Amino acid sequence: MSGWPAVLVAWSTVAAWLVLVFGRGAFWRANQRLPMVRGDARRDWPAVTAVVPARNEAEGIGRCVRALLQQNYPGELRVLVVDDQSVDDTAAIARETAHRMGAEVRVLSGAPLPQGWAGKVWAMAQGVAAAGPVPYLWFTDGDIVHGPEVLRRLMVQAEGRDLSLVSLMVMLACDRFWERLLIPPFIFFFQMLYPFPWVNNPRRKLAGAAGGCMLLRRECLEKAGGFAAMRAALIDDCTLAARIKPHGAIWLGLGTESHSLRDYHRLREIWRMVARSAYVQLRFSPARLLVAVLGMMFLYVVPPLALLAGLFTGSAWLALPGLLALLLMARAYLPSLRLYALPAGWVLSLPVAALLYTVMTLDSARRHYVGRGGAWKGRHYGAAEGEEG
């Protein structure tokens, strides 16, 4: 990396990071949180049905159901587990958990997947039909545990700001090496792609959500055409948000009281998670894939290369922009590290993580073209059944 073209590229990365830090909704601050609830100011708490689409979730469904039944919610809360053709003990464990707690949980045996439907969307649609005319639906995954105040805080946010959809990006496991290397960047990249302040701004068209925790007004879902209107969506959460936002304001934040039970102890587990949906997010477009790969290289690989090349050749014109871009990158990444209580030194790992995510995205495209795209829980989806919208 040398010569004036290299210098121009290096300084361009500084300009790009300045735009990201100061011109993209301050996404990196990671400060979109639910307000704390003090006392019961409300007298009327709308009825809610928690819908859990669960496929082979025996490992976590018991803790998930227990947390739902322990919600400190003053209004009516019903729990509905949609057993999506599981081949393990998901349904039995859900029923046994409710029995031990002396509570009622409805476990619905999901119907076979129809042609043209994505599995999770089909399970969610069945949950909506079984829930009846309840004002609010709370969708949560079967491997997530919510703190006892989560639903109350979601409802205060929804009712207080007249929102149609309130969603939380829950805390992911971040205890082992690969999790520490790749989970905070996953949250960082998601916020960069869907700046939460822009998602939460009714005047902007950008819409996003996190499928692990979504409180949704039923009437707004019906206005948007229900789940039948997005039957083939593999990225169900963001597709749902995009359909809901024209009919009502939405809000997306970080949920520190909700935790995923899914561990990613080995690289291949995170790789599988990313590879199943990355190319779907790019709408199966080779042109978008090329732009994404070049963009990742430009933002995350060029700055350290410029700094090293400048130091090696004694060129301040290369070293200085490389250093400035890295400092801007580090400043933007720090709040995501703090969210997961990781030392500041992990900022140095972001270029490595970005490179790995780039390779995962390329592998996602490869899997698609060899007929293994969109694989999840034993199901494979092709381009014809891919993302809508």
Side-chain angles (χ1 to χ4, degrees), residues 53-57 59-60 84-88 90 110 113 116-124 139-144 169-170 172-174 178-179 181-190 192-194 208-214 227 230-242 260-286 288-289 292-293 296 353-389:
R55 178 174 170 84
N56 299 333
E57 296 287 2
E59 185 175 347
D84 182 20
Q85 302 282 296
S86 297
V87 296
D88 61 11
T90 294
L113 182 65
W117 282 77
K120 185 177 179 182
V121 178
W122 173 235
M124 295 166 78
F139 294 99
T140 181
D141 289 344
D143 59 357
I144 290 176
M169 170 67 75
V170 307
L172 305 179
C174 193
W178 289 112
E179 292 170 342
L181 176 66
L182 294 171
I183 293 303
F186 179 83
I187 303 300
F188 179 76
F189 296 147
F190 184 80
M192 180 184 291
L193 187 61
Y194 298 97
C213 180
M214 301 187 297
F227 285 108
M230 48 173 281
R231 62 176 63 88
L234 299 182
I235 304 178
D236 55 276
D237 43 18
C238 292
T239 303
L240 176 62
S260 171
L261 298 173
R262 193 176 301 279
D263 295 323
Y264 300 100
H265 293 168
R266 292 174 291 275
L267 174 60
R268 68 170 177 265
E269 295 166 344
I270 301 178
W271 195 292
R272 188 184 306 119
M273 174 186 71
V274 176
R276 75 180 179 91
S277 61
Y279 200 45
V280 180
Q281 183 71 56
L282 297 174
R283 301 180 185 177
F284 306 105
S285 168
R288 289 175 182 265
L289 176 65
V293 170
M296 292 290 279
L355 185 60
L356 282 171
Y357 273 108
T358 302
V359 179
M360 293 179 209
T361 302
L362 288 168
D363 186 50
S364 179
R366 180 194 66 82
R367 294 182 184 211
H368 167 72
Y369 289 114
V370 299
R372 295 181 58 82
W376 187 244
K377 304 229 175 182
R379 289 171 173 151
H380 295 266
Y381 304 93
E385 299 164 312
E387 194 64 20
E388 292 185 352

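Note that these values count all heavy atoms, side chains included, but never hydrogens, waters or copies made by symmetry. Only a predicted model underlies this, so the values are computations on that prediction, with no experimental measurement involved.
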**Q.** For the student: nearest non-hydrogen atoms of W178 and L267, plus distance
**A.** CD1-N, 3.7 Å
Q.
I'd like to know if the side chain of Y357 reaches the main chain of L182, judged simply by a donor and an acceptor atom lying under 3.5 Å from each other, with no hydrogens or angles considered.
A. yes
Q: I would like to know whether L172 and V170 meet side-chain contact (heavy atoms from CB on, under 4.5 Å); could you show each step before the answer?
A: CA-CA 6 Å; L172 305 179; V170 307; 4.3 Å; yes
Q | M214/M124 under side-chain contact (heavy atoms from CB on, under 4.5 Å): CA gap, chis, key distance, verdict | A | CA-CA 12 Å; M214 301 187 297; M124 295 166 78; 3.8 Å; yes
(Q) The test is side-chain contact (heavy atoms from CB on, under 4.5 Å); show your working for M296 and V293 and say whether it passes. (A) CA-CA 5 Å; M296 292 290 279; V293 170; 6.0 Å; no
Q: Could you tell me whether the side chain of S364 and the main chain of M360 form a donor-acceptor pair under 3.5 Å?
A: no
Q) So, the side chain of N56 versus the backbone of V87: is there a donor-acceptor pair under 3.5 Å, distance only? A) yes
Q) Counting distance only, does the side-chain N/O of S86 pair as donor-acceptor with the main-chain N or O of D88 below 3.5 Å? A) no
Q. Side chain of S260, backbone of I144: donor and acceptor closer than 3.5 Å?
A. no
(Q) Main chain of D263, side chain of E179: is a donor-acceptor contact present, judged purely on distance under 3.5 Å? (A) no
Q: Mind telling me whether F186 and F190 have parallel, tilted or perpendicular rings, with 30° and 60° as the class edges?
A: parallel
(Q) Consider salt bridge (Lys or Arg N to Asp or Glu O under 4.0 Å). Of D84, D141, D237, which one does K120 pass it with? (A) D141
**Q.** Any donor-acceptor pair under 3.5 Å from T90 side chain to E57 backbone
**A.** yes
